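Numbers restart at 1 for each chain; the letters A, B, ... are given by sequence-line order, proteins then strands. Since the structure is predicted, the reported quantities are computational estimates derived from the model, not experimental observations.
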There are 2 protein chains.
Amino acid sequence: MNASHDEIDDLKMKILDAAKERFQVYGYGKTTMAEIAKDVNMSAANLYRYFQNKQDIAVECSDLCMSDRSNKIREAVRQPGFSAVERLRTFVLTSLKTNLEEFEKYPKISELIELVSKEHKELVKDKVQAQCAIIAEILAYGNETGEFDVKDVIKTSSTVHASLILFDFPLFDGFFSHAEFEMMANNVVDLLISGLRRN
Amino acid sequence: MNASHDEIDDLKMKILDAAKERFQVYGYGKTTMAEIAKDVNMSAANLYRYFQNKQDIAVECSDLCMSDRSNKIREAVRQPGFSAVERLRTFVLTSLKTNLEEFEKYPKISELIELVSKEHKELVKDKVQAQCAIIAEILAYGNETGEFDVKDVIKTSSTVHASLILFDFPLFDGFFSHAEFEMMANNVVDLLISGLRRN
DNA sequence: CCAGTGAATATTCAAGATTATATTCATAAT
DNA sequence: ATTATGAATATAATCTTGAATATTCACTGG
């Protein structure tokens with residue numbers, strides 16, 4: 001009997017969940033294929049029917065985490081009562097908070113980040129794209145409400161993202177305290193807003 | 001005969017120059033105290049009369065490099081004919097160009113950056129301070145010329161710096177091409193300027 | 001066939017031995 | 001007295017090798 005795509009995807013997801021848990025807690029290096037396999041009641045060999053290799057698991061895992069993050073942020077931003085300005089601020093503060101909290105809770109994640117940053121830059125590009133899309137949505141909304149006056153929403157979204165990168169990438173942890181980060185984030189948002197505003 | 005401070009400083013500088021050359025070309029790990037010593041015609045042991053240890057040499061070296069960079073950028077920015085807007089743009093583009101070129105010419109420098117980023121965060125803070133000071137000067141000048149309308153120059157300088165960090169730290173090399181970086185830098189500057197402008 | 005496995009092999013990791021280098025120190029030269 | 005050094009020691013990098021782990025493969029039960 002041939003397994004349906006759904007069944008395969010289901011199993012892939014189970015594997016990814018198990019792997020994610022172990023990567024977060026013990027780090028990439030310290031989790032073995034055998035352990036992941038045991039978590040989902042199969043042999044290590046059989047994992048290779050679902051993934052090319054260990055690194056692939058890590059990559060799909062990271063991809064999934066980033067998507068989750070993006071979804072979370074998108075939801076936080078889409079609060080009905082929010083103005084575009086509030087949305088932009090929420091975007092930055094939620095990104096920042098998510099980054100800081102995740103890093104505090106699972107320091108081992110830096111291993112995955114390093115892996116993805118060195119090889120697999122395409123994933124990072126995808127993440128940037130996703131973030132820009134959210135920003136673009138906010139900008140377009142701001143144009144509608146009259147809060148903003150943005151000519152080229154796509155181009156500007158990537159510009160805004162570039163100026164917010166300090167709060168979107170966990171590369172600067174340790175240089176500033178959470179409070180400092182938050183204050184800086186608010187200040188940058190204020191400045192950006194005044195640049196985006198219809199005068 | 002007691003050596004004057006000037007003589008000591010002169011020798012320290014010679015040592016730093018030699019060390020810098022080797023660090024740049026061969027990296028921190030692959031240059032030995034003996035080699036640096038030979039370059040300035042003394043024994044390795046004698047280096048310790050001028051520096052606590054090897055890491056100290058690296059730190060003072062980095063400090064020097066950063067100061068040089070800051071001075072270079074400050075000079076580029078202070079061109080007499082320049083408006084504040086032009087100065088801000090020059091600031092960013094010069095920072096970016098310096099970073100990219102240096103990294104291309106001396107890839108081994110990443111070793112020093114890593115060292116300084118991990119231990120010696122105070123150096124990084126100093127660098128940030130120096131950059132902010134230059135920005136503050138530009139902002140104050142913009143207030144004078146009427147181009148800008150910045151209430152708190154100090155606070156805003158650090159905000160502007162935060163939004164320009166992508167172009168000021170060599171952490172994102174490889175993610176974007178030089179051309180992409182430059183375009184993004186220009187776009188961010190445009191956006192910032194419109195936020196800083198007197199309306 | 002297809003999902004799955006245990007055993008075989010390739011690769012990576014880690015502990016210990018070895019070597020190179022950083023750092024100290026007793027002493028020499030000036 | 002101060003600058004400097006060579007030799008001694010401490011520390012860190014490198015290499016080696018056995019063990020752990022990733023990956024492949026021939027095979028098994030459905």
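- Nearest nucleotide to the A:Ala45 side chain, out of D:dT23, C:dT24, D:dT24: D:dT24.
- The residue B:Tyr50 sits close only to the backbone: its heavy atoms come under 4.0 Å of sugar-phosphate atoms, none of a base.
- Judged by distance alone, with hydrogens and angles left aside, the side-chain atoms of A:Lys125 form a donor-acceptor pair with the main-chain N or O of B:Phe175 at under 3.5 Å.
- Listed nucleotides: C:dA22, C:dA3, D:dT21. Nearest to the side chain of B:Thr32: C:dA22.
- Checking B:Gly29 against B:Leu11, the closest nucleotide of DNA chain D that is more toward the 5' end is the one next to B:Leu11.
- Atom NZ in B:Lys38 sits about 18 Å away from atom P in D:dA4, given to the nearest Å.
- Side-chain atoms of B:Thr159 come within 3.5 Å of backbone atoms of B:Lys155 as a donor-acceptor pair (strictly under, hydrogens ignored).
- Per the geometry, CG belonging to B:Asn46 stands 13 Å off C1' belonging to C:dT23, to the nearest Å.
- The distance between atom CD1 of A:Ile36 and atom P of D:dT23, rounded to the nearest whole Å, is 10 Å.
- The side chain of B:Lys54 places no N or O atom within less than 4.0 Å of a non-bridging phosphate oxygen (OP1 or OP2) of D:dA13.
- Here D:dT21 presents its C1' atom at 13 Å from CD1 of A:Ile57, a figure rounded to the nearest Å.
- Summarising the geometry, the separation between OH on A:Tyr48 and P on D:dA26 is reported as 17 Å, rounded to the nearest angstrom.
- Closest to the B:Met33 side chain, of the nucleotides C:dG6, C:dT23, D:dG6, is C:dT23.
- Side-chain nitrogen and oxygen atoms of A:Lys30 include at least one within less than 4.0 Å of the OP1 or OP2 phosphate oxygen of C:dA14.
- Between A:Phe169 and B:Phe172, the angle of the ring planes goes over 60°, which puts this pair in the perpendicular group of the 30/60° scheme.
- Side-chain atoms of A:Glu147 come within 3.5 Å of backbone N or O of A:Ala84 as a donor-acceptor pair.
- One atom, CE of B:Met42, and another, P of C:dA28, lie 21 Å apart when rounded to the nearest Å.
- In this structure, CZ of A:Arg49 is placed 5 Å from C1' of C:dA3, rounded to the nearest angstrom.
- A donor-acceptor pair shorter than 3.5 Å cannot be found between the side chains of A:Gln79 and A:Thr90.
- Put simply, CD on A:Gln52 is 8 Å from P on D:dT24, counting in whole angstrom units.
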